[in-house]
A.B. asks: 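One structure, as structure tokens, below. Some questions next.
Note that ligands are numbered from 1 as they come in the structure, with each ligand's atoms numbered from 1 the same way. Source: prediction; values computed, not measured.
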Amino acid sequence: MTRPMSESQISSSPPDLDLTPWPAEVAQRYRALGLWTGDLLGDIAVQHIGLRPGGEAVIGPDARLTYAELEQEVQRLAVWWRGLGWEPGDYVVVQLPNTAAFVATVLSLWRAGLVPVMALANHRRAEVSAFVAQTNAVGHVCADGLGGANHAALAVDIRSGAPGLVTVLVGADGSHSVARDPRPRATRPRQLPEGWDDLPPSGRVALLQLSGGSTGTPKLIPRTHDDYLLSVRESNPICGTTADTRYLVALPCAHNFAMSSPGILGVLQAGGTVVMAPEPSPATAFALVEAERITMTAVVPPVAMLWLRAANRRTHDLSTLESLLVGGARLPDSVASQVRPILGCRLRQVFGMAEGLVNYTRDEDDEHTVTTTQGRPISPYDELRVVDDHDHDVPDGEPGHLLTRGPYTIRGYFRAGAHNARAFTADGFYRTGDVVVRHPSGHLTVVGRAKDQVNRGGEKIAVVEVESHLLTHPGVAEVSVIAEPDELLGERACAVLVPTGDPPSVSELRQHLHERGLADYKIPDRFIIADELPRTRIGKTDVGAIRHERTLE
Ligand code: OOB
């Protein structure tokens, strides 16, 4: 274990810490209030081993596990991970599709004291190699046929750039095979904050979530056991999660929404059943709702829209479904008001972020509130400010930038000191980059965004990241990636580029981004050519002033 940073190291430039702790007196208050309990995420389901050993915990395409069987698998794997030489506190990139093996993997890594880094199954070389490099991960757990995903070639690629990395491939039947890069692993010390040794285990980093990102390198989000468990525990009564809940995971399982709002962890804590859907199409999801008697599920707005269209001529019995959670991007009011009439279930809007803060509409909210707002915060201890461009508070009813801090919102990104200085206020509020209106009831309506991101139906694209990859193409002199409206996705990505000579073709540009190892969802939907990129006074691309453009076919 590395030494904590000394005062002199901290004072010069913002330190690149693994975890920016809450100030000691704030942490003490959260503990005294019982918000932080000292429990560990790996034990989230243990009470149910005795209460309902035969109760179904997780159902996936790969396995059906009762609570007793899940616990057995978690114990077995926890020992097995440690047998690979992995030590408590080590980072392990987990990249698995929606399966029972995903749940067993994450819980067992926690049980072994390891820290999962939550990659998405559709991430590719650019993303995964960045996670491995940023965290100096000891391992990459990915799929070799599990749940229909195949990362075997990707894993070889990742290992070639990461000396000493251990790949664990999970087969379709849940079996594990191991490959280890023979070179010695670079030992890069963790950057632990002052007072780390005094933190209880529950106050340390439990997992690294992914940020939607607004910078060139995707930032990682250190969540602690205490703070993540709080958000899960408090989500359950709001969402009505109980031992009778049968929750369909229709989102990618590693996403914060699917994990914790109330998600997989909420359902396991309540003693309910998690059912994994391989993908969220109406055909697949409706069949699972009927077959597994699903009571609750969560989707992004475009999926909700597809479900509403398909349900008009439905062939499946969806009568067990009690609530549909929708979040990740703005749900149009007109779509929101169709959920109950067409699907016959309650709509719950969810406005959350992997950095922490989650808002839900409540059962007691009237129809207008449920269909026009994105809810109010989980906890009375969430602190929210809505401010103008100069950080002055604006009154309720007026749009402004949302800032937040509280018992489950991070105080800093993982090893990103300089970025943290911009992303957080001096007194620890996270600048969400969302523009909201707060109503007197405390509910928020999301009205815009002030961050360099495209929200493609809930999938977040950091425009700078895509621009920097496009700029490596010799035919691209200048480029700006912008959001444009899309009927289904809400937004899609459009690359406006100034070519160096004859413009490259769209297929060439797509192929270039693919070869750079970028995940497919980040590849722009449209490319347009412009003579020049007009700049605003502060040097940003003036999107409204782009002229002489033409769409590249
Ligand atoms: C969820 O988390 P992330 O980290 O992928 O994205 C967070 C961002 C928010 O800052 C906001 O810009 C946008 O996604 N967003 C919404 C929204 N929910 C998220 N924008 C408008 N309306 C909504 N309902 O997306 C996430 C995390 C936990 C629960 C739910 C969503």
A.B. asks: Side chain or backbone of Gln453 under 4.0 Å from ligand 1, or both, or neither, by non-hydrogen atoms?
C.D. replies: neither
A.B. asks: Find all atoms of ligand 1 within a distance of less than 4.0 Å from any non-hydrogen atom belonging to Arg330, and give their numbers and elements.
C.D. replies: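 Counting atoms of ligand 1 from 1, those under 4.0 Å from Arg330 are 20 (N), 21 (C), 22 (N).
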A.B. asks: Decide yes or no for Val58 and Leu70: does some side-chain heavy atom of the first lie under 4.5 Å from some side-chain heavy atom of the second?
C.D. replies: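 In short, these two side chains touch, coming nearer than 4.5 Å.
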A.B. asks: With a cutoff of 4.0 Å, is Gln209 in contact with ligand 1, counting heavy atoms of the residue only?
C.D. replies: no
A.B. asks: Should you measure from each heavy atom of Val446, which atoms of ligand 1 turn up under 4.0 Å away?
C.D. replies: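 Reading through ligand 1 atom by atom, the close ones are 21 (C), 22 (N).
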A.B. asks: Of Ala450, Gly352, Ala298, Gly327, which has the heavy atom at the shortest distance from atom 19 (C) of ligand 1?
C.D. replies: Gly352
A.B. asks: Is the contact between Asp434 and ligand 1 made by the side chain, the backbone, both, or neither, using heavy atoms and a 4.0 Å cut-off?
C.D. replies: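 For Asp434, the contact with ligand 1 is made by the side chain alone.
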A.B. asks: Taking 4.0 Å as the limit for heavy-atom contacts, which would you say applies to Gln374 with ligand 1: side chain only, backbone only, both, or neither?
C.D. replies: side chain
A.B. asks: Answer side chain, backbone, both or neither: which part of Ser211 comes under 4.0 Å from ligand 1, heavy atoms only.
C.D. replies: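 None of Ser211 does.
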A.B. asks: Identify the closest protein heavy atom to atom 30 (C) of ligand 1: which residue and atom is it, and at what distance?
C.D. replies: Phe257 CG, 3.4 Å
A.B. asks: Please indicate whether any nitrogen or oxygen in Arg449 is less than 3.5 Å from any nitrogen or oxygen in ligand 1.
C.D. replies: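 Arg449 vs ligand 1: no N/O contact under 3.5 Å.
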A.B. asks: Please tell me whether Ser441 and His439 have a donor and an acceptor in their side chains that are separated by less than 3.5 angstrom.
C.D. replies: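 Checked: Ser441/His439 side chains show no N/O donor-acceptor pair below 3.5 Å.
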A.B. asks: Would a distance-only check, ignoring hydrogens and angles, find a side-chain to backbone donor-acceptor pair under 3.5 Å from His469 to Leu513?
C.D. replies: no
A.B. asks: Which pair of non-hydrogen atoms, one from Met353 and one from Arg223, has the smallest distance, and what is that distance?
C.D. replies: O-NH1, 4.4 Å
A.B. asks: Looking only at the side chains, is there a donor atom on one of Thr224 and Asp226 sitting less than 3.5 Å from an acceptor on the other?
C.D. replies: no
A.B. asks: With under 30° as parallel and over 60° as perpendicular, where do the rings of Tyr430 and Phe424 fit, or are they tilted in between?
C.D. replies: tilted
A.B. asks: Got Leu402 and Val435 here, is their nearest side-chain heavy-atom distance under 4.5 Å?
C.D. replies: no
A.B. asks: Around atom 24 (N) of ligand 1, find the nearest protein heavy atom and jot down its residue, atom name and distance.
C.D. replies: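 Going atom by atom, the protein heavy atom closest to atom 24 (N) of ligand 1 ends up being Val350 O, 2.8 Å.
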A.B. asks: So Val454 and Glu459, do their side chains get closer than 4.5 Å, heavy atoms only?
C.D. replies: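 Glu459 vs Val454: side chains apart.
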A.B. asks: Is the shortest side-chain heavy-atom distance between Tyr91 and Arg190 below 4.5 Å?
C.D. replies: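 In contact.
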A.B. asks: Counting non-hydrogen protein atoms only, what is the nearest one to atom 23 (C) of ligand 1? Give residue, atom name and distance.
C.D. replies: Ala329 O, 3.4 Å
A.B. asks: Counting heavy atoms only, which of Ala354, Gly212, Gly328 is nearest atom 4 (O) of ligand 1?
C.D. replies: Ala354
A.B. asks: Find all atoms of ligand 1 within a distance of less than 4.0 Å from any non-hydrogen atom belonging to Asn256, and give their numbers and elements.
C.D. replies: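 Ligand 1 atoms under the 4.0 Å threshold to Asn256: 27 (C), 28 (C).
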A.B. asks: Verify whether one side chain among Glu56 and Thr273 offers a donor that lies under 3.5 Å from an acceptor in the other.
C.D. replies: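 No, Thr273 and Glu56 have no side-chain donor paired with an acceptor closer than 3.5 Å.
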A.B. asks: Counting only heavy atoms closer than 4.0 Å, does ligand 1 sit against the backbone of Lys460, its side chain, both, or neither?
C.D. replies: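 It is the side chain that gets close, since no backbone atom is under 4.0 Å.
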A.B. asks: Do any nitrogen or oxygen atoms of Lys451 come within less than 3.5 Å of a nitrogen or oxygen of ligand 1?
C.D. replies: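 Such a contact does occur with ligand 1.
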